[in-house]
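Working notes, beginning with the structure itself.
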Amino acid sequence: MKIGYPCINQSLDCTSSSTFRLASYSDERVEQTVAANLACLQEILEYNVAHGLLFFRISSGIVPFGSHPINTFPWQTRFAAEFRAIGDYIKAHNMRVSLHPDQFVVLNSPSPDIVQRSIAELVYQGSMLDLMGLDTTAKLQIHLGGLYGDRDAAIGRFVATFQTLPEAVKVRLVVENDDRLFSLQDCLRLHAATGTPILFDNFHHECLNHGEPMPEALRLAAATWHPTRDGVLMMDYSSQSPGERKGKHVSSIQEDLFRGFLRDLGDLDVDIMLEVKDKEASAHRACGILRELSLVPAAPEGYVAPTFQPAAELAAPKPRKPRAAKSSTQG
DNA sequence: CTGTGTCAAGTCCGT
DNA sequence: ACGGACTTGACACAG
């Protein structure tokens with residue numbers, strides 16, 4: 001079992017998703033930004049290894065305008081060595097990674113243009129995993145898409161589009177149950193038609209279900225993952241933010257609920273992505289609970305779990321290191 | 001330096 | 001009709 005968090009590390013003073021405005025596009029800018037993003041990604045992965053966090057969602061924004069026609073910079077060849085080195089590091093430390101293309105990726109849109117842009121984005125994100133040399137247990141996680149007033153037609157369009165996808169995308173694509181439109185049952189229908197594994201989101205399942213108890217839902221989703229080709233079930237874990245809109249993610253993991261979830265899990269092996277605001281802070285706490293229960297190896301000798309400020313103080317903006325000057329007369 | 005309006009892209013829902 | 005939410009804020013200009 002591996003624990004992870006998405007995209008951003010709040011303890012480090014770098015971001016792997018720096019970008020710039022379309023209006024200020026230049027090849028030079030792409031080159032500089034990708035170099036900085038990959039350096040930061042490597043730094044985050046090293047932090048994760050040092051803290052026993054072996055699951056990570058890589059930011060979709062590593063390459064600015066990665067699927068936009070304006071971007072003709074050959075980043076795939078320019079950064080081939082860097083991508084390969086990151087992939088080697090991931091494999092050497094037995095880590096698992098995923099990407100979550102954003103809401104603009106809608107494979108079942110009635111608009112052919114939107115579908116084509118969506119495919120281009122999947123090709124871009126999948127190609128990063130290919131350049132890293134990772135196998136097909138590294139996944140691209142999307143939602144089923146829009147409903148457009150007709151569930152059967154919406155699922156049917158997804159299936160039809162899926163058949164046209166490049167093989168490299170097909171083998172990495174997984175579909176997540178969402179909290180309003182497409183339930184676990186809908187995803188199971190899609191799986192039956194396409195073979196696409198279901199990335200299970202426990203919180204979305206709580207928001208939208210057909211009465212399946214959590215342990216049963218977990219097993220239904222897990223059965224859609226081919227053990228060697230896909231790896232163990234990937235899932236998103238979160239819970240309701242108390243007193244807020246239904247579906248709002250909690251800001252920090254609630255340990256009693258997480259322990260209860262682990263009981264639902266029983267002996268099922270899964271990799272858990274924590275979808276909470278405070279990122280690695282919660283991941284450390286979740287990992288501590290798993291160590292307690294001997295579900296992950298004990299921490300190395302001398303390891304001291306990071307401590308974090310109380311939640312109230314987390315709201316304050318984090319002081320950031322000033323940017324390095326581009327040039328300086330002081331050398 | 002800090003504050004803040006805006007940014008490639010889609011869809012649904014609450015107001 | 002429009003703003004907010006969604007896996008993740010960050011950029012860039014005004015003051």
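Note that the structure is a prediction, hence the values are computed from the model and not measured. A note on names: the letters A, B, ... follow the listed sequences, proteins ahead of strands, and every chain is numbered from 1.
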Are A:Phe104 and the base of B:dA9 stacked, counting only ring centres nearer than 5.5 Å and planes tilted under 30°? yes

Take atom P in C:dT7 and the same atom in C:dC2, then report the distance between them in whole Å. 26 Å

Among the candidates B:dG10, C:dA10, B:dA9, find the nucleotide nearest to the side-chain atoms of A:Ser67. B:dA9

A:Leu181 side chain, from C-beta outward: closest of B:dC13, C:dC11, B:dA8: B:dC13

With a 4.0 Å cut-off on heavy atoms, is A:Glu121 in touch with a base, just the backbone sugar-phosphate, or nothing at all? base

Is A:His143 close enough to C:dT7 that one of its side-chain N or O atoms is under 4.0 Å from OP1 or OP2 there? yes

Does A:Lys277 reach a base, just sugar-phosphate, or nothing at all? Heavy atoms under 4.0 Å. sugar-phosphate

Which one, B:dT11, C:dC11, C:dT7, comes nearest to the side chain of A:Tyr148? B:dT11

Answer yes or no: does a side-chain N or O of A:Ser109 lie under 4.0 Å from OP1 or OP2 of B:dT11? yes

Closest to the A:Ser59 side chain, choosing from C:dT7, C:dC11, C:dT8: C:dT8

Quiz question: going by heavy-atom distance under 3.5 Å, is there a donor-acceptor pair between the base of B:dT6 and the side chain of A:Arg21? yes

Residue pair A:Leu257 / A:Tyr237, side-chain heavy-atom distance below 4.5 Å: yes

Aromatic A:Phe182 / basic A:Arg151 pairing, under 6.0 angstrom, 45° off normal: yes

Is A:Ser24 touching bases, backbone alone, or none of the nucleic acid, heavy atoms closer than 4.0 Å? sugar-phosphate

Ring-face cation of A:Arg285 near A:Phe258 (centre distance under 6.0 Å, axis angle within 45°): no

